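Read through the structure below, which is laid out as structure tokens, and then see the notes.
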Amino acid sequence: MVQQWRAAGLTYLRYANICADFVRKALKEPKRTEALSRTTFEMTKSEWSEGKVAKRESLTQEAERNNVSSSNK
Amino acid sequence: MLGRTAVSYLRKQTQVHILKRGFADQVAQGSEKLKLSFATPTSALRKDASVDMVVFPAATGMMGVLPQHVPTVAQLKPGVVTVIEEGKEDKYFVSSGFAFVTQDRTDILAVEAVRLEDLDKEAVQRGLSECESAINSASDEVSQAIAQIGVEVHSAMKSALES
């Protein structure tokens with residue numbers, strides 16, 4: 001039997017992370033905030049020219065945002 | 001020269017024999033404890049702990065592991081991991097992951113593992129109804145599948161809290 005998430009094209013890794021996310025969101029405070037803050041991360045992309053940062057942009061968590069649909073707050 | 005080769009050959013043979021255990025082999029006797037490691041990517045809940053038994057939710061059903069269990073690898077589904085040590089039960093909720101049962105130890109690696117009492121009953125109930133309604137209102141297959149996963153995870157948390 002193929003699971004529905006598999007049929008929809010989700011990978012196991014993504015499935016496992018979605019499961020974990022639901023569990024974190026069901027925690028009591030303050031453990032909830034603590035657990036959720038562990039999962040967020042930030043990335044910045046900097047372009048260097050002549051030894052100086054010419055351009056810096058913050059990369060958003062593209063994949064993460066796709067994961068979190070309106071149903072999955 | 002020949003003697004040494006023969007001895008090392010024999011030693012290799014015995015080693016292979018010791019490491020392997022089939023269903024029909026006799027269990028080694030002795031005062032046995034189960035060596036358990038239970039971890040998430042961010043924390044170690046048990047590290048080489050000596051426990052009496054561990055019960056975890058394998059994808060194929062609940063699985064109880066006692067010392068000298070036959071080696072196996074099991075995928076975890078959302079559910080309760082019970083660690084029994086010194087007559088006390090310690091309950092955790094795991095989201096997903098894998099369990100490795102080898103001859104001398106058991107490793108449970110979960111993506112997220114929380115103490116059962118840390119789960120919020122109302123949040124679980126709220127999440128369950130949100131996901132249930134999201135299944136019907138989902139616009140594409142992926143968000144429908146995510147809602148379906150949500151229903152499964154929340155149902156597991158709900159029944160874990162009720163038991």
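Just so we're clear, the structure is a prediction, and the values are computed from it rather than from any experiment. Here is how names work: the chains are called A, B, and so on, in the same order as the sequence lines, proteins then strands, and each is numbered from 1.
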Cluster check L161(B), Y92(B): I/L/V/M/F/W/Y, side chain < 4.5 angstrom: no
Heavy-atom neighbours of E86(B) CD exceed 12 at 6.0 Å: no
D21(A) CG to I149(B) CD1 distance, which is reported to the nearest 0.5 Å: 11.0 Å
Between OG on residue S95(B) and OH on residue Y15(A), distance to nearest 0.5 Å: 8.5 Å
Spatial distance of atom CD1 (I18(A)) from atom CD (Q148(B)) [nearest 0.5 Å]: 12.0 Å
Parallel, tilted or perpendicular: ring planes of F98(B) versus Y12(A), cut at 30 and 60 degrees: tilted
Top contributor to chain A contacts, counting heavy-atom pairs under 4.5 Å, from E117(B), E112(B), K77(B): E112(B)
Connected via hydrophobic side-chain network under 4.5 Å: L116(B) and F38(B): no
Interface residue of largest heavy-atom contact number with chain A, from H154(B), R115(B), E152(B), under 4.5 Å: H154(B)
Atom CD of E122(B) with >12 non-hydrogen neighbours under 6.0 angstrom: no
Path from L128(B) to M157(B) over hydrophobic side-chain contacts below 4.5 Å: no
Interatomic spacing from CD1 in I146(B) to CD in Q4(A) - rounded to 0.5 Å: 11.0 Å
Non-hydrogen side-chain atoms of F22(A) and C131(B) separated by less than 4.5 Å: yes
Top of A8(A), A35(A), G9(A) for chain B proximity - count of heavy-atom pairs under 4.5 angstrom: A8(A)
Test log, rule side chain to side chain contact (heavy atoms under 4.5 Å, CB included), inputs V111(B) and C19(A): CA-CA 9 Å; V111(B) 179; C19(A) 285; over 6 Å; no
L27(A) CG to L119(B) CG distance, which is reported to the nearest 0.5 Å: 6.0 Å
Ion pair D118(B)/K28(A), N-O distance below 4.0 Å: no
From CG (L10(A)) to CD (E141(B)), nearest 0.5 Å: 9.0 Å
Residues E130(B) and K25(A) bridged, charged N to O under 4.0 Å: no
Same cluster (ILVMFWY, side-chain, under 4.5 Å), W5(A) and V153(B): yes
L76(B) with L34(B), same ILVMFWY side-chain cluster at under 4.5 Å: yes
